[in-house]
Amino acid sequence: MKRRKFLKSSSLSTAGILSTSLLTACETKKEQLPVTKTIKPIVIATWDVPNATNKAWQVLTNSGTALDAVEQGVMIEEADTNNQSVGKGGRPDRDGNVTLDACIMDKDSNCGAVVYLQNIVHPISVARKVMEDTPHVMLAGKGAEQFAYEKGFEKENLLTEKSKLEWLEWKKTSQYQPIINIENHDTIGMLAIDSKGDIAGACTTSGMAYKIGGRVGDSPIIGAGLFIDNEIGGATATGVGEEVVRTVGSFLIVELMRQGKTPQEACEEGVNRIISKNKDKLDFQIGFIAINKKGETGGYCIHPGFSYRVYSEEGHLNNTSGSYIST
Ligand code: SD4
């Protein structure tokens, strides 16, 4: 009896020790394992572009990558002739030529861009081909157009009747002077996080209306119109590109987030940097949006009237209030 009792109690205590030590080991192991966070996809875009963010959201919720989401999202605006700042239907330069700029950047800091591209509806997809199929980052003008045809893109007239008539009207009074103005807003910059937590961005525009032929803005310039660092976040810009280029705006905003600022704080500081360089002539529009690795977003603009769309599990939000300053 005594022996049995002894064996039983010793086996129980051994089991106890074992289970305790196993438990401790498990707990220790659990502590050492990386915390598995639920990653929530999210997309954010400049201006009120629900069709574009809807498209990107569909891609993200069907397990698509952030890169596919931003490309397919902005393609909606490129094809929409009612949007006169992007793609087909974009306002022409002062000679009546529609010239498009776009860039794209992925989670591995690969990037591609096209500038001064004519006759192609989807510059963003040509930019992606530059990124994926060439050793280069940027193709311009005729070279970019030729490359697009080689990749199977079709030639199309981008100047719609509406944009043509407006341009003809403009010519009557403009004395051929490009206007640095706020009339041409709707350039689309889009940032997304996919279900793996990876970030990508795209930016596409027909640029400033009635610009001098050959002019290129910030939108296709990596660091200015768009920048992604998959460890930190992403930012993209809309508005007068010359001002964004002068401060390398999107790169600046990502670096400010790296230093600990929230996307909102970083966008505000990016805009304030531009204001500080233009104290006496704030007659132009600049807006930035940003996202960080946690999925927090922000946006800020020099002038009222700026908005940006966010689509996440929490729904579809059009942010307008508190995202701008009046000058
Ligand atoms: C550009 N940033 O070409 C573009 C124009 C723009 O809303 O964003 N318009 O300078």
Side-chain angles (χ1 to χ4, degrees), residues 44-49 52 70 74 77-78 80 82-94 97-105 113-118 123-124 127 138 140-141 144 158 163 166 170 178-191 201-227 235-253 267 270-271 274 277-278 282-290 299-309 320 323-324:
I44 174 169
T46 53
W47 305 111
D48 190 13
V49 285
V70 294
V74 303
E77 295 302 312
E78 289 180 333
D80 181 356
N82 291 319
N83 184 333
Q84 290 179 280
S85 299
V86 180
K88 186 167 180 169
R91 292 190 182 88
D93 65 16
R94 64 182 183 178
N97 299 312
V98 180
T99 70
L100 306 178
D101 301 331
C103 73
I104 194 159
M105 192 161 188
V114 286
V115 303
Y116 196 68
L117 178 65
Q118 298 182 59
I124 198 66
M138 185 183 284
L158 304 180
S163 288
E166 282 182 15
W170 170 84
I179 326 164
I180 303 290
N181 210 330
I182 60 169
E183 91 293 350
N184 61 331
H185 50 75
D186 273 348
T187 288
I188 180 164
M190 185 179 273
L191 310 165
C203 188
T204 177
T205 188
S206 52
M208 193 171 292
Y210 319 134
K211 59 199 174 186
I212 296 174
R215 180 265 185 191
V216 172
D218 62 313
S219 303
I221 313 284
I222 295 294
L226 173 74
F227 194 71
T236 186
T238 179
V240 176
E242 282 74 1
E243 296 300 331
V244 178
V245 169
R246 291 212 293 157
T247 51
V248 200
S250 294
F251 179 74
L252 170 65
I253 286 169
C267 287
V271 164
I274 292 173
K277 308 271 176 226
N278 290 281
L282 281 173
D283 56 347
F284 56 85
Q285 187 175 57
I286 298 290
F288 288 108
I289 58 168
Y300 203 61
C301 185
I302 286 184
H303 278 281
F306 178 57
S307 64
Y308 59 96
R309 280 247 161 202
T320 45
S323 57
Y324 56 77

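Indexing begins at 1, ligand by ligand and atom by atom, following the structure's order. Sequential numbering from 1 along the given sequence is applied to the chain's residues. What you see is a predicted model, and the numbers here were worked out from it, not measured in a lab.
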Yes or no: does Arg215 have any heavy atom under 4.0 Å from an atom of ligand 1? yes
Mind checking whether Asp101 has an N or O less than 3.5 Å away from an N or O of ligand 1? no
Under 4.0 Å from a heavy atom of Thr187: which atoms of ligand 1 are those, numbered in the order shown and with their elements? 4 (C), 5 (C), 6 (C), 7 (O), 8 (O), 9 (N)
Is the closest side-chain donor-acceptor distance between Ser206 and Lys88 under 3.5 Å? no
Does the side chain of Tyr210 reach to within under 4.5 Å of the side chain of Arg91, using non-hydrogen atoms? yes
Acceptor/donor pairs from residues 214-225 side chains to any protein atom, 3.5 angstrom cut, sequence neighbours excluded:
residue, atom, partner, partner atom, Å
Arg215, NE, Glu242, OE2, 2.9
Arg215, NH2, Glu242, OE1, 2.7
Arg215, NH2, Glu242, OE2, 3.2

Can you list the ligand 1 atoms lying under 4.0 Å from a non-hydrogen atom of Met208? 3 (O)
Show me which atoms of ligand 1 lie under 4.0 Å from any heavy atom of Ser219. 2 (N), 4 (C)
In terms of atom number and element, which parts of ligand 1 are under 4.0 angstrom from non-hydrogen atoms of Asp218? 1 (C), 2 (N), 4 (C), 10 (O)
Is there any N or O on Gly207 that sits under 3.5 Å from an N or O of ligand 1? no
Heavy-atom check, side chain of Thr236 versus side chain of Phe288, under 4.5 Å: no
So Met190 and Ile44, do their side chains get closer than 4.5 Å, heavy atoms only? no
Test of understanding: with ring-ring contact (aromatic ring centres under 6.0 Å, His included), list the residues that count as partners of Phe227, not counting sequence neighbours. Phe251
Nearest to atom 4 (C) of ligand 1 by heavy atom, Gly217, Ala209, Ser206, Gly239: which? Gly239
